[in-house]
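Pasting a structure here, questions to come.
For ligands, and for the atoms within them, numbers begin at 1 and follow the listed sequence. Throughout, residue positions are numbered sequentially from 1 according to the sequence presented.
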Amino acid sequence: MNFVGEHILSVSQFERKDIELVFEVADRMEPYANRQRITRVLQGAILSNMFFEASTRTRVSFGCAFNLLGGDVRETTGISSSAIAKGESLRDFARVLSGYSDVIAMRHSEAGSVAEFAGASRSPVINGGDGANEHPSQALLDLYTIKKELAYRNKAIDDLRIAVVGDLKYGRAVHSLLKLLAVFKSVSINLVSPPGLQVPEEISDLLKTYDHSVSFFDKLEEGISAVDILYVTRTQEERFSSQEEADRYRGLFRVNEAIYTQHCEPNTVIMHPLPRDSRTAAQELSEDLDNNPNLAIFRQTDNGILIRMALFALVLDVVDLVDKHSSPVTWNTRRRSRKL
Ligand code: CP
């Protein structure tokens, strides 16, 4: 993959060496994300951040990542506040927006919509999530987090043992993460989901074509023992066709301190792409784990900035200019120490 000027629509675009390059560049972004230095390398560049489906992390961290590289951000949220509500096609929208922007990040509720948009865009487009299909930047930040968490435990992504838990049918972050894992070696994957929310066959088939062990579980406790990473996901109720369907699955799988302590190996890393559903009836990842040092969910969100900075730097071809355009920060950078 060349990166420069390319759309980033699916993790299928990445070979192992591309993933490793993204991670190397992400590491180099640490001083800027940590407010030790500032860089103006993208001064004058504009990101259009187009989010037609609800988002906190992806939208804000794409914007912050671009700002941290010195660029400006223009944002639209929700269909109703864009001309798509007047019937404008994604293709016309892309022709217009790409005349205004150097790069575009986009989220949309329809699978394939971001690729359709990108097909008419003159600027590179990064997929911020298209329906139940893919969420490439989330998968990259998840895998980057896995790499870092495993490094503390003297392990690597090759030979990883991971349990992926929850709504594996509609969870786009899971779909992208599983496809990314496929290019590593000897990964053992437990797919733990209620009947009816299993991972799409095309993804489990893809994993089996590589040298991976793939096991299916419909009981939470059986699928989460003997893993390095416990990756929990929310039930994607917004993708269901009826309220009855949502009611059927809500609260079925709940990871909490008691389950974790009883069934997981000590030091199993707990991850979740967030948002977690903290409503009383749901709680797939209980807040009673919040003080557990193995809970990596907020390290994941911090890593999102590094990965998204890396993607912008690669796509806009400024990786080797970032430091050249940098200077010390001018404000008090003392930040509260983090427990998590
Ligand atoms: N993980 C994730 O996509 O979060 P948001 O929906 O808040 O962007």
**Message:** Suppose I only count heavy atoms of Leu274 and a 4.0 Å limit; which atoms of ligand 1 are within that range?
**Reply:**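 What qualifies from ligand 1 is 1 (N), 2 (C), 4 (O).
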**Request:** Assess Pro273 for proximity to ligand 1: is some non-hydrogen atom of it under 4.0 Å away?
**Result:** yes
**Prompt:** Relative to the heavy atoms of Thr58, which atoms of ligand 1 are at a distance of less than 4.0 Å?
**Reply:** 2 (C), 3 (O), 4 (O), 5 (P), 8 (O)
**Prompt:** Looking at Phe52 versus Phe93, is the centre-to-centre ring distance below 6.0 Å?
**Reply:** yes
**Prompt:** Taking a hydrophobic cluster as the set of Ile, Leu, Val, Met, Phe, Trp and Tyr residues connected by side-chain heavy atoms closer than 4.5 Å, whether directly or through intermediates, do Leu160 and Val11 fall within one such cluster?
**Reply:**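 Yes: a chain of side-chain contacts under 4.5 Å links Leu160 to Val11.
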**Message:** Once salt bridge (charged side-chain N to carboxylate O under 4.0 Å, His left out) is applied, do any residues pair with Arg248, and if so which ones, sequence neighbours excluded?
**Reply:** none
**Message:** Show me which atoms of ligand 1 lie under 4.0 Å from any heavy atom of Thr56.
**Reply:**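 Contacts of ligand 1 toward Thr56, numbered from 1: 5 (P), 7 (O), 8 (O).
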**Request:** Report the relative orientation of the aromatic rings in Tyr170 and Phe240; use parallel for angles under 30°, tilted for 30 to 60°, perpendicular for over 60°.
**Result:** perpendicular
**Aromatic Phe62 / basic Arg308 pairing, under 6.0 angstrom, 45° off normal** = yes
**Prompt:** What protein heavy atom sits nearest atom 4 (O) of ligand 1, and how far away is it?
**Reply:**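 Protein heavy atom at minimum distance: Arg57 NE, 3.0 Å.
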**Request:** Decide whether the shortest distance between a heavy atom of Arg107 and an atom of ligand 1 is less than 4.0 Å.
**Result:** yes
**Asked** Could an N or O of ligand 1 be found under 3.5 Å from any N or O of His135, whether backbone or side chain?
**Response** yes
**Message:** Once salt bridge (charged side-chain N to carboxylate O under 4.0 Å, His left out) is applied, do any residues pair with Glu257, and if so which ones, sequence neighbours excluded?
**Reply:** none
